[in-house]
Amino acid sequence: MKKLLLTSLILTSFSFLPLTAQEVAILKYKGGGDWYANPTALPNLIKFCNTKIQTALDEKPQTVEVGSPLIFQYPFLHMTGHGNVVFSEEEAANLRDYLFSGGFLHIDDNYGMAPYLKKALQQVFPNQQLEEIGRDHPIFNSSFPFPNGLPKIHEHDGKRPQAMGIFHENRLVLLFTTESDLGDGWEDPSVHNDPEDIRQKALQMGANIISYVFKN
């Protein structure tokens, strides 16, 4: 039943018709990490997508907990933070069922999240590991071209940005972006004072993610 509901939502939500807005959600998790970071990021990305790639997304994202059955109502979940991430066995199983049923999770490392997140994902995918996504993957060209892969928005440690993924039945179900900080680039311009061209790159890459999710 959950799978049928989620599949139906995905098939109908990217119609480019603003008749019924599709909701997306921020994933709330335990462990002490600031899941609520970048409060203006996702609303700004939604507005950008509705304007630039003609999506019909509700401008107010919802919040849903990892273990809640309500995650099956949202084809796209966004997760971010700086610190610790902990999933219970029940939460890990719920998230795995969601992703294998047609859902998609984008996790954006807001700096310092990676080691905790990778450990938590071992519970969700005990037989899989994150793998780097090649530059030729459609997610880098679904609406805007990024021939060099994931853009660098904030420097932090000066490491190269990486787009890491989990695949299920040849479908990308989870995207982990690290050393990039897309979410900071989506925030209101006054928050980080990023140059406009950098902010546009972040939003365009975010639009590619949204476009890919609803078309695949």
Side-chain angles (χ1 to χ4, degrees), residues 24-42 45 61 63-67 71 76-89 91-96 98-99 103-135 137 139-140 146 148-168 171-187 191-192 194 198-199 201-206 208-210 212-213:
V24 298
I26 297 168
L27 195 64
K28 180 180 179 180
Y29 55 88
K30 300 182 181 71
D34 52 342
W35 61 268
Y36 46 82
N38 295 351
T40 65
L42 195 52
L45 177 61
T63 298
V64 64
E65 296 186 358
V66 182
I71 65 173
F76 174 85
L77 297 176
H78 175 71
M79 177 178 172
T80 191
H82 298 81
N84 197 20
V85 178
V86 173
F87 296 148
S88 68
E89 290 184 10
E91 289 173 332
N94 193 54
L95 184 57
R96 182 170 55 252
Y98 162 81
L99 295 171
F104 187 95
L105 174 61
H106 172 224
I107 308 170
D108 188 49
D109 187 353
N110 206 0
Y111 190 52
M113 184 189 203
Y116 306 105
L117 186 278
K118 290 178 180 178
K119 183 177 180 181
L121 287 182
Q122 291 176 358
Q123 291 180 269
V124 184
F125 305 102
N127 300 315
Q128 290 178 265
Q129 293 184 341
L130 288 165
E131 57 183 278
E132 188 159 11
I133 299 171
R135 297 177 183 179
H137 191 274
I139 206 164
F140 296 120
F146 284 89
N148 296 319
L150 192 67
K152 185 77 167 175
I153 306 305
H154 284 180
E155 285 300 325
H156 294 313
D157 293 328
K159 298 178 181 178
R160 68 180 181 88
Q162 285 186 287
M164 311 291 288
I166 295 287
F167 292 83
H168 176 65
R171 182 178 71 90
L172 179 65
V173 299
L174 183 149
L175 172 67
F176 176 49
T177 48
T178 186
E179 292 295 336
S180 171
D181 224 335
L182 292 176
D184 275 5
W186 300 344
E187 285 225 84
V191 177
H192 299 287
D194 290 324
I198 295 297
R199 186 166 180 268
K201 286 182 180 179
L203 288 166
Q204 289 172 357
M205 186 64 227
N208 274 12
I209 297 169
I210 293 290
Y212 175 83
V213 169

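Just so you know, residue 1 is the first one in the sequence shown, and it goes up from there.
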Worksheet item: Should the ring pair Tyr212 and Phe104 be called parallel, tilted or perpendicular, given that the plane angle runs from 0 to 90° and is split at 30 and 60?
Response: perpendicular
- Would you find a donor on one side and an acceptor on the other, under 3.5 Å apart, between the side chain of Tyr36 and the backbone of Lys28? no
Do the side chain of Asp34 and the main chain of His82 share a donor and acceptor less than 3.5 angstrom apart? yes
Worksheet entry | Within-4.5 Å side-chain heavy-atom neighbours: Asp181 and Asn110 | yes
Please examine the side chains of Met205 and Ile209, heavy atoms only from C-beta on, and report whether any two atoms are closer than 4.5 Å. yes
- prompt: Can you say whether the rings of Trp186 and His106 are parallel (under 30°), tilted (30 to 60°) or perpendicular (over 60°)?
  reply: tilted
Those residues at least two apart in sequence (or on a different chain) that pass salt bridge (Lys or Arg N to Asp or Glu O under 4.0 Å) with Glu179 are Lys152
Taking C-beta and beyond as the side chain, do Met164 and Lys118 meet within less than 4.5 Å on heavy atoms? no
Ignoring hydrogens and geometry, is there a side-chain-to-backbone donor-acceptor pair from Ser180 to Pro151 under 3.5 Å? yes
For Leu42 and Phe76 the tightest heavy-atom approach is CD1-CE2, 4.3 Å
Between the CZ atom in Arg171 and the NE2 atom in His168, the distance rounded to the nearest 0.5 Å is 7.5 Å
Rounded to the nearest 0.5 angstrom, the CZ-CZ distance for Arg135 and Phe146 is 13.5 Å
Sub-3.5 Å donor-acceptor pair from the side chain of Arg199 to the main-chain atoms of Ile153, do we have one? no
**Message:** Just so I know, are the side chains of Ile71 and Val66 near enough to count as touching, which here means a heavy-atom distance under 4.5 Å?
**Reply:** no
CD1 of Ile107 to CG of Leu174, rounded to nearest 0.5 Å, is 4.0 Å
Please set out all donor-acceptor pairs under 3.5 angstrom arising from side-chain atoms of residues 123-130, sequence neighbours excluded.
from   : atom 1 : to     : atom 2 : distance (Å)
Gln123 : NE2    : Phe87  : O      : 3.0
Gln128 : NE2    : Phe167 : O      : 2.7

His137 side chain to Ile139 backbone, donor-acceptor under 3.5 Å: yes
So OG1 of Thr178 and CG of Leu117: to nearest 0.5 Å the spacing works out to 8.5 Å
When rounded to the nearest 0.5 Å, the distance separating CD of Glu65 from CG of Leu95 is 13.5 Å
For Gly81 and Ala37 the tightest heavy-atom approach is CA-CB, 4.5 Å
Heavy-atom closest pair (Asp184 atom, Asp194 atom, distance to 0.1 Å) is O-OD2, 3.8 Å
Using a 6.0 Å cut-off, check whether atom OH of Tyr116 has over 12 heavy atoms from anything other than its own residue. no
Notebook entry, point to check: How about Val64 and Leu27: do any of their side-chain heavy atoms sit closer than 4.5 Å?
Noted result: yes
### Task
Begin from the C-alpha positions of Val86 and Glu91 and carry the test side-chain contact (heavy atoms from CB on, under 4.5 Å) through to its verdict.
CA-CA 9 Å; Val86 173; Glu91 289 173 332; 5.9 Å; no
Taken to the nearest 0.5 Å, the spacing of Thr177 OG1 from Ile133 CD1 works out to 9.5 Å
Check your understanding: Is there a side-chain contact between Leu121 and Phe176 (heavy atoms, below 4.5 Å)?
Key -> no
message: Within the structure provided, determine whether Leu105 and Ile166 are in side-chain contact (heavy-atom separation under 4.5 Å).
response: no
All heavy atoms of Asp108 vs all of Gly183, minimum pair found to be OD2-N, 2.8 Å
